[in-house]
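First the structure, in the form of structure tokens, and then the observations on it.
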Amino acid sequence: MLTLNAIRNQTKEVIERLSKRAIDRSSDIEEILKLDEAKRSKQTELEQNLAKSNMLAKEIGELFKSGKKEEADIKKEESVKLKDASKTLEFEMAEIEEKLTQKLYEIPNTPSHQVKLGKTPEDNEVVFEWGEEPKLHKDAKPHWELTSQYSLVDFELGNKITGAGFPVYTGKGARLQRALINFFLDEALNAGYYEIQPPILVNEASGYGTGQLPDKEGQMYHMTVDNLYCIPTAEVPITNIYRDVILKEEELPIKNVGYTPCFRREAGSYGAHVRGLNRLHQFDKVEIVQIAHPEKSYELLEEMVEHVKGLMMKLGLKFRILRLCGGDMGFASAMTYDFEAWSGAQQKWLEVSSTSNFETFQANRLKCRFKNKECKNELVHTLNGSALALPRIVASILENYQTEEGINLPVCLHPYLGFTKI
RNA sequence: GGAGAGUUGUCCGAGUGGUUUAAGGAGCACGCCUGGAAAGCGUGUAUAGGCCCAAAGCUUAUCUAGGGUUCGAAUCCCUAACUCUCCGCCA
């Protein structure tokens with residue numbers, strides 16, 4: 001959620017930055033400003049009333065004490081009248097306030113200056129590309145055939161136990177998963193991240209904190225009996241650690257890493273592009289999260305990008321980095337880099353990481369602040385990125401490293417695997 | 001799941017309807033004192049808002065949360081969350 005302060009004091013800049021999402025939000029902003037003003041005038045009126053009531057109550061107390069009951073009764077009547085007036089004002093104010101927050105919730109984050117104006121994925125900028133086209137033999141197969149040929153993933157079995165999109169990893173497939181998770185975690189630890197193992201069910205407040213609620217309610221699995229949600233990403237519990245927290249400036253930046261399974265309903269997406277491991281309801285991901293000083297956040301975003309880059313290079317997978325255009329960015333993001341791994345047999349790019357700076361958008365909802373040099377509380381910036389999401393990495397590895405004699409796994413994984421080849 | 005007890009500021013802790021404008025203590029910060037430190041003394045010590053160009057000042061709300069009773073609620077009533085103890089169940 002954008003801060004009212006920004007909308008009020010930097011109106012022009014907010015509208016300008018929002019326009020990069022290829023939608024004009026100026027009328028919404030105008031409405032917010034109007035509602036804000038209306039709310040404030042009601043509030044002033046209400047508070048003056050309350051101040052009077054408080055004074056009267058005190059006077060009545062003193063009159064009672066000195067035994068002047070009749071005078072007290074007169075003041076009582078006055079007080080009752082004031083109270084009615086206050087109730088009306090309070091109601092009116094609450095009504096305006098609700099409209100205001102509703103409107104605020106609907107406004108996406110303002111893209112950073114570096115983000116290009118654009119509407120669709122075609123407008124995204126490729127900022128980096130690395131690796132060579134794998135030389136595959138003529139019978140090279142897509143990963144969903146390899147997984148069944150080598151008994152790595154059983155989609156049918158998952159279908160039986162749970163449903164489509166919940167694969168069962170078996171044998172070397174399961175061990176590859178475990179190796180990747182450990183590799184990603186160790187790499188993050190070496191880069192200075194602190195490991196967290198969070199709950200994978202979260203409450204409503206956490207959903208609101210990172211912005212999954214109310215807008216993306218349909219994306220999460222919801223346990224209605226206990227009103228808990230399955231996390232769609234470790235970002236939700238790990239960032240919510242800092243909900244309602246005031247940090248010391250010297251604690252920043254906080255760098256956390258966590259592995260969790262992730263659950264996404266992905267309602268309405270079926271067909272060829274969800275084949276095999278391309279899109280699942282449950283998948284594994286190692287996530288890096290940073291809580292940053294506002295002046296340092298973009299530097300740290302680049303640092304995170306470098307970290308993910310390093311992972312891809314060690315895995316030896318051809319990949320590219322996109323800086324998303326305004327229209328393709330997530331609702332809460334101010335700037336996002338997507339990493340795409342090349343899938344040699346499918347001949348297409350698969351998104352394997354999304355690394356973003358949310359600036360104060362999440363921090364505002366989370367109420368995560370730090371005490372700055374003037375001892376004032378200031379909102380932090382939050383950042384996160386996948387480092388990395390497993391299924392599509394597995395797909396790329398299997399497809400790109402396949403030979404007629406089997407699949408040669410990346411050297412960096414050997415110590416984690418206990419075997420080198422499938 | 002059942003029964004009981006609890007939740008007050010950074011922390012401890014007093015407080016059963018009106019000088020609570022949240023006592024007192026500890027911690028922390030600053031100052032005095034000191035050769036330096038401790039002790040001692042003094043001052044300060046939350047959050048979110050509103051009025052205001054701003055500051056100063058004034059003001060509202062916040063004693064786990066949300067409702068209610070009352071002229072007036074930390075205090076009384078209702079609901080919920082959490083913590084502790086005992087019982088039950090359990091990897």
Side-chain angles (χ1 to χ4, degrees), chain A residues 1-12 32-101 103-105 197-209 213 223-229 237 240-251 360-380:
Chain A
M1 179 162 61
L2 293 178
T3 62
L4 253 182
N5 243 333
I7 293 177
R8 220 188 278 162
N9 300 330
Q10 295 138 40
T11 314
K12 254 196 183 161
I32 285 174
L33 286 172
K34 267 191 207 152
L35 285 168
D36 175 46
E37 203 165 312
K39 192 215 114 189
R40 271 152 53 208
S41 87
K42 283 278 176 226
Q43 184 176 350
T44 306
E45 212 181 324
L46 171 66
E47 285 182 358
Q48 280 168 357
N49 256 11
L50 289 176
K52 263 189 228 167
S53 293
N54 285 345
M55 229 161 58
L56 277 175
K58 223 175 270 176
E59 285 170 17
I60 291 168
E62 275 160 32
L63 288 173
F64 262 113
K65 215 169 255 174
S66 52
K68 296 176 187 159
K69 200 163 177 295
E70 276 155 41
E71 274 179 63
D73 284 341
I74 293 168
K75 297 236 179 205
K76 258 197 202 179
E77 264 174 59
E78 202 179 327
S79 188
V80 172
K81 268 185 215 155
L82 256 182
K83 212 179 142 185
D84 284 342
S86 297
K87 269 210 174 133
T88 316
L89 282 170
E90 207 182 328
F91 178 79
E92 287 168 353
M93 189 180 99
E95 226 176 17
I96 297 170
E97 204 168 8
E98 205 191 310
K99 270 189 212 158
L100 180 61
T101 20
K103 264 283 169 226
L104 273 175
Y105 270 141
Q197 219 179 89
I200 57 178
L201 298 184
V202 294
N203 58 26
E204 221 176 358
S206 295
Y208 277 96
L213 296 173
M223 327 264 158
T224 50
V225 176
D226 298 295
N227 198 22
L228 296 172
Y229 294 86
N240 269 284
I241 292 172
Y242 305 97
R243 171 151 48 83
D244 293 316
V245 167
I246 297 171
L247 296 157
K248 293 189 191 111
E249 189 167 3
E250 58 268 24
E251 288 179 90
T360 60
F361 197 83
Q362 287 183 330
N364 188 30
R365 283 199 195 178
L366 288 164
K367 295 205 186 73
C368 177
R369 293 152 297 174
F370 71 99
K371 279 232 185 286
N372 65 20
K373 300 226 161 55
E374 288 90 51
C375 262
K376 287 255 163 76
N377 291 339
E378 191 179 332
L379 291 171
V380 299

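Quantities reported herein were computed from a predicted structural model and do not represent experimental measurements. Chain A is the first sequence line, chain B the second, and so forth, proteins listed ahead of strands; every chain is numbered from 1.
The partner of B:U70 cannot be assigned: no Watson-Crick or G-U wobble pair with both contacts below 3.5 Å exists in any strand.
When heavy atoms are screened at a 4.0 angstrom cut-off, A:K58 is found touching no nucleic acid atom at all. A:L56 comes within 4.0 angstrom of no nucleic acid atom, judged by non-hydrogen atoms across all strands. Residue contacts for A:D73: at a heavy-atom cut-off of 4.0 Å it reaches no nucleic acid atom on any strand shown. Contacts of A:K371 with the nucleic acid, taken as non-hydrogen atoms under 4.0 Å apart, involve only primed sugar atoms and P, OP1 or OP2.
For the pair A:N377 CG and B:U10 P, the computed distance is 11 Å after rounding to whole Å. Taking atom NZ of A:K42 as the reference point, atom C1' of B:G49 lies 18 Å away to the nearest angstrom. Counting to the nearest Å, the P atom of B:A65 and the CG atom of A:N227 are 20 Å from each other. Straight-line distance from the CG atom of A:L82 to the P atom of B:U60: 13 Å, rounded to whole Å. Regarding A:E204, its CD atom lies at a distance of 13 Å from the P atom of B:A81, rounded to whole Å.
Remark: the separation of the C1' atoms in B:U79 and B:U20 is 28 Å, to the nearest Å. The same atom, P, is picked in B:U47 and in B:A56; the two are 14 Å apart, to the nearest Å. The separation of B:A38 from B:G27, taken at their P atoms, amounts to 12 Å, rounded to a whole angstrom. Atom C1' of B:G15 sits at a distance of 15 Å from the matching atom of B:U21, rounded to the whole Å. Nucleotides B:G66 and B:C58 are separated by 27 Å at their P atoms, to the nearest Å. Separation of the C1' atoms belonging to B:U64 and B:U75 is 16 Å when rounded to the nearest angstrom. Comparing B:C41 with B:G25, their P atoms sit 10 Å apart, to the nearest whole Å. With P as the reference atom, B:A14 and B:G24 are 15 Å apart, rounded to whole Å.
Nearest heavy atoms, A:N227 versus A:E204: ND2-OE1, 3.2 Å. Heavy-atom minimum distance, A:I96 versus A:A38: CD1-CB, 4.1 Å.
The phosphate of B:G49 (OP1 or OP2) has no side-chain N or O of A:R8 nearer than 4.0 angstrom. One finds no side-chain N or O of A:N54 lying less than 4.0 angstrom from the OP1 or OP2 phosphate oxygen of B:U59. The shortest distance between the side-chain N/O atoms of A:R40 and the OP1/OP2 oxygens of B:C51 is below 4.0 Å.
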Can A:D73 and A:E77 be said to form a side chain to side chain contact (heavy atoms under 4.5 Å, CB included), step by step? CA-CA 6 Å; A:D73 284 341; A:E77 264 174 59; 5.8 Å; no
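With the nearest nucleotide of RNA chain B identified for both A:A51 and A:N5, A:N5 has the one nearer the 5' end.
Looking at the side chain of A:K83, the nearest of the listed nucleotides B:A48, B:G49, B:G72 is B:G72.
For A:Q48 against B:G50, no side-chain N or O and base N or O form a donor-acceptor pair under 3.5 Å.
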